[in-house]
Amino acid sequence: MLKRGRGIALSWYGTGYGNGFPDYSVATVELAENGEILLRVGATEVGQGSKTIMPQVCAEVLGIHSDQVHMICEDTREFLDSGTAAASRQTYNTGNAVLKASESFKKALLEEARLYLKLNSTAGLEMADQKIWLPIFPSRKTTFAELASHLKSEGRVLAVTDSFTAQTIGMNPETGEGVPYWPYTFNAYGTEVEVDTETGRVQVLQAWCVQDVGRAINPDLVEGQIDGGFVMGLGYALYEDLGVKDGVIKNNKFAKYIIPTAMDIPTIHKYIVEDPENTAPYGAKGIGEPTMVPVAPAILNAIYDAIGIRIFELPATPDVVLKAIVADREAKAKAAVAEGADANG
């Protein structure tokens with residue numbers, strides 16, 4: 001028999017290393033010889049979108065297109081460390097470092113333009129599309145390329161480095177006081193499942209993912225993160241089992257370690273909630289790990305709604321679910337027999 005159920009789960013998740021551990025990021029913005037912008041930052045790209053987000057932050061400050069910002073992040077000889085691609089921290093932590101470096105670079109570039117244009121102040125100067133000009137005197141104008149050429153002729157390079165350290169306070173082990181993480185990301189996920197009570201197979205039919213992102217710098221990347229996080233949570237809930245016993249991994253190859261395929265992915269309805277964080281780059285929070293956290297609880301709650309049985313073992317593979325169903329039937333049968341015996345005195 002096929003039974004359907006729905007379940008929801010809510011979660012909140014702290015950004016970064018946390019608990020007072022120094023969470024430090026650094027970025028360098030440089031004017032290249034051709035007038036384009038070099039962004040040197042140790043934000044390793046592992047599919048989360050750092051190579052898209054960081055240039056976007058820099059470009060927004062400088063009034064140019066993100067394609068005009070060339071990010072260097074693969075060669076550690078070219079940049080300083082900005083921490084790991086972990087803890088959902090890169091958009092917030094390193095994004096803040098990029099924002100600060102870009103703002104400092106803009107001030108420095110405007111000062112170079114002031115000197116080059118022989119002005120007595122940077123007041124009123126505007127910057128956009130790789131150009132700098134004085135609106136009240138339009139003939140006083142220059143370009144990034146022109147300034148780069150001028151700097152080269154003087155044997156100078158314009159590069160600005162800035163950093164950001166997240167604000168966290170370690171927990172007091174005696175009083176429990178502290179600020180272990182900041183900021184926090186919130187979400188609410190729901191799932192609809194179908195459980196085959198004869199085989200124990202669980203199929204997720206639909207999902208609803210409501211995700212707080214602070215500010216979606218790139219909405220397409222946010223939706224991609226939700227899709228990826230949900231699928232990872234789905235695998236954790238229903239399929240993936242290392243089978244560790246006595247320190248040995250039993251399912252050590254993909255012939256045994258089962259992961260979700262395209263056929264297992266439900267329709268995912270995604271809802272982005274924007275509540276900008278005032279300490280974040282343009283309000284954006286990190287959402288790498290938070291998109292995974294509520295998936296398994298939502299699925300397990302849906303299974304309970306469908307069959308009235310709590311599953312306490314993950315992954316909830318067909319054998320686990322069927323074993324729970326059989327145990328529940330046997331328990332109910334024993335209870336019925338005992339109740340009948342009591343009734344008959």
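Side chains of E154 and H150: a donor-acceptor N/O pair is present below 3.5 angstrom, by distance only. Looking at N187 and S11, their side chains do bring a donor and an acceptor atom within 3.5 Å of each other. R89 and S25 are linked by a side-chain donor-acceptor pair at a separation below 3.5 angstrom, with hydrogens and angles left out of the test. Using modelled atom types, one finds no donor on one side chain facing an acceptor on the other under 3.5 Å when comparing N218 with T52.
No donor-acceptor pair closer than 3.5 Å links the side chain of K106 to the backbone N or O of L62. For E111 (side chain) and S121 (main-chain N/O), no donor-acceptor pair under 3.5 Å exists by modelled atom type. With hydrogens and angles ignored, the 3.5 Å screen pairs a side-chain donor or acceptor of D212 with a backbone N or O of G214. Side-chain N or O atoms of T197 include one that pairs as donor or acceptor with a backbone N or O of M1 at under 3.5 Å. With R140 contributing its side chain and L117 its backbone, the two residues share a donor-acceptor pair below 3.5 Å. Between the side chain of N251 and the backbone N or O of D241, at least one donor-acceptor pair lies under 3.5 Å. A donor-acceptor contact shorter than 3.5 Å links the side chain of S104 to the backbone of K100. Using a distance-only test at 3.5 Å, with no hydrogens or angles considered, a donor-acceptor pair links the side chain of Q48 to the main chain of V46. Of the possible donor and acceptor atoms, none in the side chain of E240 sits under 3.5 Å from a partner among the backbone N and O of P315. A distance-only check finds a donor-acceptor pair linking the side chain of D264 to the backbone of T261 [under 3.5 Å].
Between the CD atom in Q167 and the CG atom in D23 there is a gap of 11.5 Å [rounded to 0.5 Å]. A distance of 5.0 Å separates CD1 in I217 from CD1 in I53, rounded to the nearest 0.5 Å. Rounding to the nearest 0.5 Å places CD of E60 at 8.5 Å from CD of Q56. Between N34 atom CG and Q68 atom CD the span is 10.5 Å, to the nearest 0.5 Å. One distance of note links CD of Q225 with CD1 of I272; it measures 11.0 Å at 0.5 Å rounding. With rounding to the nearest 0.5 Å, the separation of CD in E289 from OG1 in T15 is 9.0 Å.
For the side-chain contact (heavy atoms from CB on, under 4.5 Å) with Y189, the lone residue among L10, I8, T291, I268 that qualifies is T291.
A heavy-atom distance below 4.5 Å is found between the side chains of I259 and F254. Proximity of E192 to R4: side-chain heavy atoms (C-beta onward) are separated by under 4.5 Å at one or more points. Two residues are said to be in side-chain contact when any heavy atoms from C-beta on lie closer than 4.5 Å; I265 and P260 meet this criterion. Between I37 and C58, the closest side-chain pair of non-hydrogen atoms falls below 4.5 Å. Under the 4.5 Å side-chain criterion, counting only non-hydrogen atoms from C-beta, L109 is in contact with F144. You'll find the side chain of V248 stays beyond 4.5 Å of the side chain of K250, heavy atoms only. Between P281 and N96, some side-chain heavy-atom pair lies under the 4.5 Å cut-off. Q130 is not listed as a side-chain neighbour of T143, based on a closest heavy-atom distance of 4.5 Å or more.
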Exercise. Could you give me the CA-CA distance, side-chain angles and deciding distance for Y17 and T84, then say whether side-chain hydrogen bond (donor to acceptor under 3.5 Å, both in side chains) is met?
Key: CA-CA 10 Å; Y17 300 140; T84 60; 2.8 Å; yes
Practice problem: Could you please spell out the steps behind the side chain to side chain contact (heavy atoms under 4.5 Å, CB included) verdict for T168 and V179? | Solution: CA-CA 5 Å; T168 66; V179 186; 5.8 Å; no
Quiz item: Checking side chain to side chain contact (heavy atoms under 4.5 Å, CB included) for the pair T76/F79: CA distance, chi angles, key distance, verdict?
Solution: CA-CA 6 Å; T76 54; F79 55 79; 4.2 Å; yes
Practice problem: Go through I132 and L110 one step at a time and tell me if the side chain to side chain contact (heavy atoms under 4.5 Å, CB included) criterion holds. | Solution: CA-CA 8 Å; I132 300 173; L110 287 174; 3.9 Å; yes
Practice problem: With side chain to side chain contact (heavy atoms under 4.5 Å, CB included) as the test, would you mind laying out the steps for W182 and I169 before giving the verdict? | Solution: CA-CA 9 Å; W182 191 260; I169 302 171; over 6 Å; no
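Between K141 and E146 there is no salt bridge, since none of the side-chain N atoms of the basic residue sits less than 4.0 Å from a carboxylate O of the acidic one. Classification of E277 and K285 as a salt-bridged pair fails, no side-chain N sitting under 4.0 Å from a carboxylate O. For D319 and K323, the salt-bridge test fails: no basic side-chain N is under 4.0 Å from an acidic carboxylate O. Residues D75 and R77 are paired through a salt bridge, judged by an N-O separation under 4.0 Å between the basic side chain and the carboxylate.
Ring-centre distance between F164 and Y92: below the 6.0 Å cut-off.
A pairwise comparison of heavy atoms in L119 and L134 identifies CD2-CD2, 4.1 Å as the closest pair. The shortest non-hydrogen separation linking S50 to A43 is CB-O, 3.8 Å. Here the shortest heavy-atom pairing between A101 and A27 reads CB-O, 3.5 Å. The two residues D81 and V26 make their nearest non-hydrogen contact at O-CG1, 3.1 Å. Here the closest non-hydrogen pair linking V321 and A316 is CG2-O, 3.7 Å. Contact record, A159 with T28: CB-CG2, 4.3 Å, taken as the closest heavy-atom pair.
Within a 6.0 Å sphere centred on CD of E33, heavy atoms belonging to other residues, nucleotides or ligands number 12 at most. Dense packing is recorded around OH of Y282, with more than 12 heavy atoms of other residues, nucleotides or ligands lying under 6.0 Å away. For NZ of K51, the number of neighbouring non-hydrogen atoms (other residues, nucleotides, ligands) closer than 6.0 Å is 12 at most. By the neighbour-count criterion of 12 heavy atoms within 6.0 Å, atom OH of Y257 is densely surrounded, having more than that number from other residues, nucleotides or ligands. Environment of CE in M232: sparse, with no more than 12 heavy atoms of neighbouring residues, nucleotides or ligands closer than 6.0 Å. The environment of CD in Q206 is crowded: more than 12 heavy-atom neighbours from other residues, nucleotides or ligands sit within 6.0 Å.
L221 and V41 fall within a single hydrophobic cluster, where Ile, Leu, Val, Met, Phe, Trp and Tyr side chains are chained together by heavy-atom contacts under 4.5 Å. The cluster map of Ile, Leu, Val, Met, Phe, Trp and Tyr, joined by side-chain heavy atoms under 4.5 Å apart, puts L151 and M127 in the same cluster. Placement of M171 and Y13 in two distinct hydrophobic clusters is found when ILVMFWY residues are connected by side-chain heavy-atom separations under 4.5 Å, directly or transitively. Both I226 and V204 are part of a single hydrophobic cluster, where members link through side-chain heavy atoms under 4.5 Å apart. L80 and L38 fall into different hydrophobic clusters, where Ile, Leu, Val, Met, Phe, Trp and Tyr residues are linked whenever their side-chain heavy atoms come under 4.5 Å apart, directly or through other members.
A tilted orientation is assigned to the rings of Y184 and W12, their planes being inclined by 30° to 60°.
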